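Written below as structure tokens is the structure these notes are about.
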Number of protein chains: 2
Amino acid sequence: MTRPRAAPAGVPIAEAAARTGLSIDALRYYERDGLLLRPVPRSATGHRRYSAADLRWVELLTRLRATGMPIRDMRRYAALVRAGAGNEAERLELMRAHRRLVLDRLAEVTEHLGAIEHKIGVYEDALAEAAEARRAASA
Amino acid sequence: MTRPRAAPAGVPIAEAAARTGLSIDALRYYERDGLLLRPVPRSATGHRRYSAADLRWVELLTRLRATGMPIRDMRRYAALVRAGAGNEAERLELMRAHRRLVLDRLAEVTEHLGAIEHKIGVYEDALAEAAEARRAASA
DNA sequence: GGTTGACCTGGAGTGCACTCCAGGGTCGAG
DNA sequence: CTCGACCCTGGAGTGCACTCCAGGTCAACC
């Protein structure tokens, strides 16, 4: 087997932060807050070592966060996953509810975006007209 | 002319709240914070009377908010509009920057949504398979 | 052996966008 | 004249999601 000495088995928190885009503080905060599936394993000196699975989970969390899921709900979801098999229906419900929310917000933002683009158009026209007026005056 | 007695000329804050979807407190907060184009005019008894123009402006603010513009930027924009004609280029720049932000966020959320839908699919499959197993067992 | 750097903990502090509250005025209905 | 509804002000409080800090451990390098 290719296991020379005791392998490191996981990356330190600084690298976990770099890979997930979260800050070191946020990673520790997530753990304290029960958002992770387990306490992150420690090295002999008490330093956290994030496994690939830990990182994948944190990445899922960042996706949920980026789509507006509150910490509270992520905690609930983490608790369900920690509880193990048997509550898939509940997890599915949670995810579906979140998708509804995201879709609704997406639609709302898109609609407001229309109004903003309209506003931009108005300014563009006004500025173009002003430029035209200057051109005419200087002629 | 159809002006029977002194017309009310504007709606009270409760109605402004109902129309804009903001709370009464939020409306007062926006005003204190310099987000409005002018101090809202008052009735003889000191109560605010929102004109149609005031309401239109607040509605624009809610659109900007709903698309994630921070209060600070709305204040800057309000200041530009208050300053009057001549800074249209700056206003346009502000709006364009905001549009960029909204489009970026929209793209990001849409991408994450894909991952979430995938997750939903996984749960759906798992649950369907479990149901199938139960059916087979009971047969 | 001293310094540096990465990490640890518990807890305090921050920024944002409201939200709530005490204390008070005005007005119309009963 | 009292009551309730509506509004006012200044200021304190809230919830969220971090972020920062003091004080400390440990390993490695000079």
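Chain naming here is simple, since letters A, B, ... match the order of the sequence lines and numbering starts at 1 in each. In this text, all values refer to a predicted model and were calculated from it rather than measured experimentally.
Both B:Asp25 and B:Arg72 lie near DNA chain C, and the one whose nearest nucleotide falls closer to the 5' end is B:Arg72. Closest-nucleotide positions on DNA chain C for B:Met74 and A:Arg42 were compared, and the one nearer the 5' end corresponds to A:Arg42. Nearer to the 5' terminus of DNA chain D, by closest-nucleotide assignment, is the contact made by A:Leu22 (compared with the other of A:His47 and A:Leu22).
Protein atom CG of A:Leu27 is 16 Å distant from nucleotide atom C1' of C:dT9, rounded to whole Å. The distance between atom CD1 of A:Ile24 and atom C1' of C:dA6, rounded to the nearest whole Å, is 8 Å.
A donor-acceptor contact under 3.5 angstrom links the side chains of A:Ser51 and A:Arg38, judged on distance only. Between the side chains of A:Thr20 and A:Arg56, no donor-acceptor pair is found at a separation under 3.5 Å.
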Check residues 93-104 of chain A and write down every donor-acceptor pair under 3.5 Å in which the side-chain atom is one partner and the other belongs to a residue at least two apart or another chain.
{"residue": "A:Arg96", "atom": "NH2", "partner": "B:Glu124", "partner atom": "OE2", "Å": "2.7"}
{"residue": "A:His98", "atom": "NE2", "partner": "A:Thr67", "partner atom": "OG1", "Å": "2.8"}
{"residue": "A:Arg99", "atom": "NH1", "partner": "B:Glu117", "partner atom": "OE1", "Å": "3.2"}
{"residue": "A:Arg100", "atom": "NE", "partner": "A:Asp104", "partner atom": "OD1", "Å": "3.4"}
{"residue": "A:Arg100", "atom": "NH2", "partner": "A:Asp104", "partner atom": "OD1", "Å": "3.1"}

Pairs of donor and acceptor atoms involving the side chains of residues 76-86 of chain A, under 3.5 Å and at least two apart or interchain, shall be tabulated with distances.
{"residue": "A:Tyr77", "atom": "OH", "partner": "B:Tyr123", "partner atom": "OH", "Å": "2.8"}
{"residue": "A:Arg82", "atom": "NH1", "partner": "A:Gly34", "partner atom": "O", "Å": "3.4"}
{"residue": "A:Arg82", "atom": "NH1", "partner": "A:Leu36", "partner atom": "O", "Å": "2.5"}

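Nucleic acid contact class of A:Ser23 (heavy atoms, under 4.0 Å, all strands): sugar-phosphate only. Within the 4.0 angstrom heavy-atom criterion, only backbone atoms of the sugar-phosphate kind lie near A:Arg65; the bases stay farther away.
The pair A:Arg63-A:Glu59 fails the salt-bridge criterion, with no side-chain N (NZ, NE, NH1 or NH2) lying under 4.0 Å from an Asp/Glu carboxylate O. Under the 4.0 Å criterion applied to side-chain N and carboxylate O atoms, A:Arg28 and A:Glu31 are not assigned as salt-bridge partners.
Listed pair A:Arg48 / C:dC8 meets the phosphate criterion, a side-chain N or O lying under 4.0 Å from OP1 or OP2.
The outermost nucleotides of DNA chain D lying under 4.0 Å from heavy atoms of chain A, listed 5' to 3', are D:dC16 to D:dA27.
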